[in-house]
Amino acid sequence: MAAFDVVVLGGGTAGVHVATEVAGGGKTVALVEAGLIGGESAYLACLPSNSLLLSAGRGEPWEDAVARRAEVTGGLDDSAAAQRLSRAGVQVIRGTGRITAPGTVEVTRAQDAPVPAAAGGTASRASSTTTLTYSDLVIATGCEPVAPPIEGLSDIPAWTTAQSLSSPDLPRRLIVLGGGPAGCELTQMYASFGSQVTLVEAEPRLLPGEPAFAGEILAVALRRAGADIRLGSRATKAERTADGLTLALEDGTRIDAARLLLASGRRPRLGGLGLDVLGLEVTPGMALPTTTRCEVAGTGGQGVRVWAAGDVTGTTHTHASRYQADVVAANILGRHREADYSAIPRCVFTTPSVFAVGAIPGGAGVTTGAGDGDDPGADHGPGADHGPGADHGPGNGGRTRRMLRIARPPSAEAAAEAAAAEGTAEASPVAQGGSGPRLVTARARLGDTARGYLGQDDLGRLELYADAGTGVLAGAVAVGPDAASWMSEVTLAIRARIPVAVLADVVHAFPTYGEALQTALRELAGTGDSPARADQQEKRTGTLSELDIETPEDDAIEQRQEVIADEAVASPRREVPFDVNEADAAEQERAVGFDDDDYR
Ligand SMILES: Cc1cc2nc3c(=O)[nH]c(=O)nc-3n(C[C@H](O)[C@H](O)[C@H](O)COP(=O)(O)OP(=O)(O)OC[C@H]3O[C@@H](n4cnc5c(N)ncnc54)[C@H](O)[C@@H]3O)c2cc1C
């Protein structure tokens with residue numbers, strides 16, 4: 001038995017950050033990690049993915065790109081990360097943790113993991129468990145891949161995103177299942193390196209959680225990169241063939257490929273953690289409900305405190321994990337801090353990239369009024385039912401929402417708390433009850449700016465959403481080159497609640513894409529005489545056509561939309577074993593469940 005002030009379960013972005021911060025604040029800390037110290041982002045998700053995308057953009061050959069990726073991910077060697085933690089005063093314990101009682105965690109060590117000398121526990125190579133006690137527990141176990149029920153899936157050569165991003169193979173023909181951010185990024189990446197890629201998305205458009213224009217533009221960009229984009233038809237059956245596999249879609253299409261890449265969903269990793277002993281009932285797919293202080297709701301009164309940070313709470317980005325980790329660390333160290341989820345960026349690092357932040361029309365508690373123009377994604381809002389347990393909520397007419405995005409606190413409790421603290425309706429899906437702020441939309445095309453003209457940018461576009469009641473920005477979505485960079489001022493504006501009237505007076509450098517922002521902001525402030533005003537009038541009826549982009553499958557997409565719209569997707573879950581490569585060895589010990597959620 002070893003006693004610590006704080007035990008952190010999971011050593012990914014969130015866990016490492018909390019552990020380092022609270023150790024720096026003088027607490028004794030143990031961090032328990034079943035796989036790689038540093039988690040998914042550094043080795044198997046963000047960094048390898050962005051490294052390969054950048055290599056593709058530079059026109060490097062695949063072999064050079066793989067070599068660069070190996071450099072970036074340190075050859076999947078986490079010893080430097082473990083040493084950094086040790087130097088920070090954190091006791092690193094390699095193994096799988098399980099809560100056995102309030103205040104106690106049992107760690108089952110991986111077979112070959114060294115026994116930590118300073119742990120003072122009872123572990124040895126012969127006896128592979130050790131018990132830790134804590135006053136504060138931080139659950140930061142991330143999320144795990146899930147996939148839809150497809151007959152024969154376990155018999156075909158399939159990759160999770162982690163497996164693809166650690167493989168040296170470049171499949172000649174690849175099917176990417178899922179048109180969320182990861183599916184789009186990996187489609188573009190493999191297509192750029194010469195793979196013949198078919199992306200299959202059951203929804204009628206890519207990025208189903210964002211306003212329609214974003215996914216529509218991305219579909220054009222991916223097709224230009226050579227990918228075949230199949231929208232609005234669900235994959236139903238997979239069969240192994242001599243060359244790989246054949247995937248059958250419900251519309252009768254059959255697609256051959258060497259490999260299938262599953263980017264069709266992930267869920268918070270809560271199985272086997274022993275949460276029941278803390279009085280928590282969890283069902284597969286749900287996220288840990290947290291307060292705005294990131295304390296796990298419903299765990300009070302047990303003499304210990306339980307916190308959560310990262311994907312396990314239903315967030316989906318590294319920066320969100322880090323932000324929550326900061327909040328948890330501050331609270332553990334006695335500095336009261338609450339998370340504000342009003343402006344967490346959502347990014348897709350394709351070319352053009354997609355950047356979204358805050359609320360979108362049709363999101364939870366957001367009503368679209370007369371000044372709103374069209375109503376893109378009326379049932380696709382990130383706030384609609386994307387929080388923890390999003391897939392179980394009644395939103396979207398009973399449909400399973402596919403991208404989990406935070407435009408609100410990631411739990412009802414958190415939302416209620418935030419609303420009570422700040423008196424804001426938009427912070428609380430509970431308070432909103434579907435009748436939140438009315439959003440007014442303004443639009444601009446990057447092609448109307450000098451930078452867009454110089455860059456021959458025919459696709460870029462942005463939409464800003466202002467709260468008609470308060471006159472502040474509530475959300476934004478942009479598609480364009482490196483959109484995250486020039487849209488960051490919008491993130492600040494939403495978070496700081498800067499009035500649109502002030503934003504419209506901000507001077508943007510010439511020639512930059514910021515001028516498109518200026519156009520839309522002036523439109524919102526009612527001072528614009530720009531093309532955006534005319535654009536807004538036109539936009540009430542059109543979508544793709546006004547963008548001057550070729551839409552060969554336009555009609556077909558619309559037809560499929562009608563079919564899909566009435567469909568309930570409460571698909572049964574089932575467990576399917578994956579072949580997981582050695583780079584993701586920890587995954588082998590965990591069952592990979594399948595369901596129909598998709599948020600990365
Ligand atoms: C393909 C892909 C690309 C992405 N790209 C981006 C991007 O560009 N930008 C971005 O912001 N986000 C991106 N993300 C999301 C980002 O990777 C996650 O949001 C982030 O990694 C979450 O960090 P975390 O600490 O919550 O979880 P993780 O990094 O997953 O860490 C959780 C850790 O807990 C460990 N663990 C689990 N259970 C136990 C247990 N019982 N005992 C001990 N340890 C346990 C796991 O082994 C794991 O290491 C991407 C995701 C994917 C899949």
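Each ligand, and each atom within it, is numbered from 1 in the order the structure gives. We number each residue from 1, following the sequence as shown.
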- Within a distance under 4.0 Å of any heavy atom of G39, pick out the atoms of ligand 1 and give their elements. 29 (O), 49 (O)

- Between the side chain of S321 and the main-chain N/O of H317, is any donor-acceptor distance below 3.5 Å? yes

- Query: What atoms in ligand 1 come closer than 4.0 Å to a heavy atom of N50?
  - Reply: 8 (O)

- Message: Is A320 close enough to touch ligand 1? Criterion: a residue heavy atom under 4.0 Å from a ligand atom.
- Response: no

- How about R337: does its CZ atom have over 12 heavy atoms from other parts shown lying under 6.0 Å from it? yes

- Message: Under a 4.0 Å threshold between the charged nitrogen and the carboxylate oxygen, would E33 count as salt-bridged to R94?
- Response: no

- Query: G310 heavy atoms, cut-off 4.0 Å: which ligand 1 atoms fall inside?
  - Reply: 26 (O)

- Do the side chain of R109 and the main chain of I93 share a donor and acceptor less than 3.5 angstrom apart? no

- Non-hydrogen atom of A140 closer than 4.0 Å to ligand 1: yes

- Message: Show me which atoms of ligand 1 lie under 4.0 Å from any heavy atom of T316.
- Response: 15 (C), 19 (O)

- Only one of S164, S195, P181 passes side-chain contact (heavy atoms from CB on, under 4.5 Å) with L186, and that residue is S164

- Note on the structure: Filtering G97, A34, S321 for the heavy atom nearest atom 42 (N) of ligand 1 leaves G97

- Task: Please state which part of L36 comes within less than 4.0 Å of ligand 1, counting heavy atoms only: side chain, backbone, both or neither.
- Result: backbone

- Message: Looking at D78 and R84, is any side-chain nitrogen of the basic one under 4.0 Å from a carboxylate oxygen of the acidic one?
- Response: no

- So, E106 versus T130: side-chain donor-acceptor pair below 3.5 Å or not? no

- Message: Out of all atoms in ligand 1, which are within 4.0 Å of some heavy atom of H319? Include the element for each.
- Response: 11 (O)

- Please say which of L262, T198, L153 ends up in a side-chain contact (heavy atoms from CB on, under 4.5 Å) with L177. L262

- Quick one: which of G183, C46, G180, S164 has a heavy atom closest to atom 6 (C) of ligand 1? C46

- Item | Region of R269 engaging ligand 1 - heavy atom pairs below 4.0 Å | side chain

- Task: Please assess T28 against D5 for the test side-chain hydrogen bond (donor to acceptor under 3.5 Å, both in side chains), listing each intermediate value before the final yes or no.
- Result: CA-CA 5 Å; T28 56; D5 295 328; 3.3 Å; yes

- Pull out every atom of ligand 1 sitting under 4.0 Å from any heavy atom of A14, numbered as shown with elements. 25 (O)

- Atoms of ligand 1, numbered as shown, that sit under 4.0 Å from any heavy atom of G95: 42 (N), 43 (C)

- ligand 1 to T13 polar contact by distance, N or O atoms, under 3.5 Å: yes

- Query: Heavy atoms only: which of A45, G15, G142 is nearest to atom 27 (O) of ligand 1?
  - Reply: G142

- Any Lys/Arg nitrogen of R266 or D311 sitting under 4.0 Å from an Asp/Glu carboxylate oxygen of the other? no

- Whether S41 side chain and A45 backbone form a donor-acceptor pair below 3.5 Å: no

- Charged N to carboxylate O under 4.0 angstrom, R230 versus E201? no

- Message: Suppose I only count heavy atoms of T161 and a 4.0 Å limit; which atoms of ligand 1 are within that range?
- Response: 1 (C), 53 (C)

- Task: Could you tell me whether ligand 1 has any atom less than 4.0 Å away from a heavy atom of V32?
- Result: yes

- From atom 12 (N) of ligand 1, work out which of T318, V107, L186, L9 has a heavy atom at the shortest distance. T318

- Item | Residue selection (non-hydrogen contact nearest atom 28 (P) of ligand 1) among E144, R266, E40 | E40

